[in-house]
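Proteins get letters first, then strands, A, B, ... in listed order; numbering begins at 1 in each.
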There are 2 protein chains.
Amino acid sequence: MAAQTGTVQRILDTAEVLFAEKGFAETSLRAITSKAGVNLAAVNYHFGSKEALIQAVFERFLTPFCTALDARMDELAEADEAPGLDRLLALVSGLALTSQAKETHRIALFFRLCGLAYTQAQGHLRRYLREQYGAVFKRFLRVLNAAAPDVPPMELFWRIHFGLGAAVFALSSMDSLRAICKSDFGVELGVADVNQRLLPFIVGGIRSGDAAS
Amino acid sequence: MAAQTGTVQRILDTAEVLFAEKGFAETSLRAITSKAGVNLAAVNYHFGSKEALIQAVFERFLTPFCTALDARMDELAEADEAPGLDRLLALVSGLALTSQAKETHRIALFFRLCGLAYTQAQGHLRRYLREQYGAVFKRFLRVLNAAAPDVPPMELFWRIHFGLGAAVFALSSMDSLRAICKSDFGVELGVADVNQRLLPFIVGGIRSGDAAS
DNA sequence: TTACCCGGCAAACATACGTTTGAAACATAT
DNA sequence: ATATGTTTCAAACGTATGTTTGCCGGGTAA
């Protein structure tokens, strides 16, 4: 309960980078501990197991983000103004950008990890995330539903996940895409620039299918 | 060069299912061979290594798809008609649905594998895919550019990748999403139904940012 | 038949992994 | 100073992995 010796933090910092780089199964505890400069046994001592380490990495990202999002939604519930779809998405995007991130690079890590959480096996992770943060996500989805009353709930459900996919995928491989963008167009974009393009895309996609239905 | 004994095919069939289910690193050769009912050594005998097996799985999916896409683009180049953005996307989607797929379930496999190819480490895979199929993809991107002349090339580049992310992500975790959809809304959607919702989303997203620029 | 090559098989190989152990080093409080 | 609880460390454990090895069977051609 005393001040961290730094070992725990060094493990988390290193693990989050290596996990994002190579995935969970492909990253060994030996790779983490040797790069972090701590003993191999430290992981099992402080976290108990590799699975627990993975969950701890996500907790450090998601808990501040979700509590902030929850607070914002409290404010929104009291205000009389209707939030508006684009404003809502900009809000969650802004939260992701500010809730953590001394360096902008960290936000890419965050989304890359989210993408991995969906695509990698890691059944324990999905279970953990649903139990831990599922309520906040469902609440946000309800708020979105209220913000777009013309879109049927089920349609919105699918479009939100399409948009989530676009965000996760684009931001998780953002480094590669930015490199291609620079080499093909000679333009170097920052994380904020990518977001500025991503958000209208999602809003446009969600507002699209009115003709089809 | 004679008729397949069936061993190679059984390995490919089983590997493609298991890879899609659990990822590449998490799927052992022993799991594949035992489920396929072949000897463990058969993989290294017929393919040389696990990496080569992974590439072979992708080749069986992508080569028919890419040659078909290339042929369609040849036809398009000779026709005088301007293709149209939504028509182009519907074309590639239709190709993916028909080029393989006796069962509709297989198309989910295909996209799930594509998603894994992006998110899993597997540097050799990304290198292989770029060298093998990069040209077709670039050609398709040029055709898209011609179909949407009002969107600047760089903007289109980003929006295409956003759309790609939406497609890959949604279709690769489609089974989970369909289950949620059924339990939350009581509606059971097929693969075609999901596509019918996905395509307008992507088109709407690509056409969206005109106001922002 | 004999010789030959290809596909299949059980077994072993070397390595890498997550985890555990027991002792040493450290800090803190009595 | 002594005792107590916590953290670090090198070493080992058991297991699972990808790959390799010889050997056997059954076709085909001379």
Can you tell me if the side-chain N/O atoms of [X] get under 4.0 Å from OP1 or OP2 in [N]?
X: A:S28; N: C:dA16; value: no
X: B:T7; N: C:dG7; value: no
X: B:H46; N: C:dC6; value: no

Of all residues at least two apart in sequence or in a different chain, which pass the salt bridge (charged side-chain N to carboxylate O under 4.0 Å, His left out) check with B:R178? B:D175
With sequence neighbours excluded, tell me which residues meet salt bridge (charged side-chain N to carboxylate O under 4.0 Å, His left out) with B:D13. B:R60
Contacts of type side chain to side chain donor-acceptor pair (under 3.5 Å), residue B:E59, not counting sequence neighbours: none
Please name all residues satisfying side chain to side chain donor-acceptor pair (under 3.5 Å) with B:S93, sequence neighbours left out, ordered by chain then number. B:N195
Would B:E21 and B:E26 count as a side chain to side chain contact (heavy atoms under 4.5 Å, CB included) if you check the C-alpha gap in whole Å, the side-chain angles of each, and the deciding distance to 0.1 Å? CA-CA 9 Å; B:E21 245 170 40; B:E26 294 89 342; over 6 Å; no
Side chains of A:F140 and A:N145 in contact at under 4.5 Å (non-hydrogen atoms): no
Write out all pairs satisfying salt bridge (Lys or Arg N to Asp or Glu O under 4.0 Å) with one or both partners inside residues 183-194 of chain B, taking only residues at least two apart or from two chains. B:K182-B:E188
May I have the distance from [X] (atom [atom1]) to [N] (atom [atom2]), rounded to whole angstrom?
X: A:F24; N: C:dG18; atom1: CZ; atom2: C1'; result: 17 Å
X: A:L29; N: C:dT20; atom1: CG; atom2: C1'; result: 13 Å
X: B:R10; N: C:dG7; atom1: CZ; atom2: C1'; result: 12 Å
X: B:N44; N: D:dT20; atom1: CG; atom2: C1'; result: 8 Å
X: A:E26; N: D:dG18; atom1: CD; atom2: P; result: 12 Å
X: B:K22; N: D:dT17; atom1: NZ; atom2: P; result: 9 Å
X: B:I32; N: D:dA16; atom1: CD1; atom2: P; result: 17 Å

Classify A:T33 by what it touches in the nucleic acid, base, sugar-phosphate, or nothing, heavy-atom distance under 4.0 Å. nothing
I'd like to check the ring pair (Phe, Tyr, Trp, His ring centres under 6.0 Å) partners of B:F185; sequence neighbours left out, ordered by chain and number. A:F157
Closest-nucleotide 5' rank along DNA chain D - winner of B:A25 and A:R30: A:R30
Could you list, one pair per line, each protein nitrogen or oxygen that sits under 3.5 Å from a nitrogen or oxygen of nucleotides 9-11 of chain C, together with the distance?
| residue | atom | partner | partner atom | Å |
| --- | --- | --- | --- | --- |
| C:dA10 | OP2 | B:N39 | ND2 | 3.3 |

Identified side-chain contact (heavy atoms from CB on, under 4.5 Å) partner of A:I11 from the options A:V57, A:V38, A:L29: A:V38
Contact list for residues 63-72 of chain B, test side chain to side chain donor-acceptor pair (under 3.5 Å), sequence neighbours left out: B:T63-B:Y133, B:D70-B:R139
Give the residues of residues 49-58 of chain B touching DNA chain D, defined as any heavy atom closer than 4.0 Å, sorted by residue number. B:S49, B:K50
Expected output is a numbered-order residue list: members of residues 11-19 of chain B with a heavy atom under 4.0 Å from any atom of DNA chain D. What is it? none
Check for me whether the distance between the ring centres of A:F61 and A:F110 falls short of 6.0 Å. yes
In short, A:A90 meets A:L199 closest at the heavy-atom pair CA-CD1, 3.9 Å
For nucleotides 24-28 of chain D, list the nitrogen or oxygen atoms of the protein found under 3.5 Å from its nitrogen or oxygen atoms, one pair per line.
none

Would you please name every residue forming a side chain to side chain contact (heavy atoms under 4.5 Å, CB included) with A:A41, sequence neighbours left out? A:N39
Full working for ring-ring contact (aromatic ring centres under 6.0 Å, His included) between A:F169 and B:F169: CA-CA 7 Å; A:F169 179 87; B:F169 179 87; 9.1 Å; no
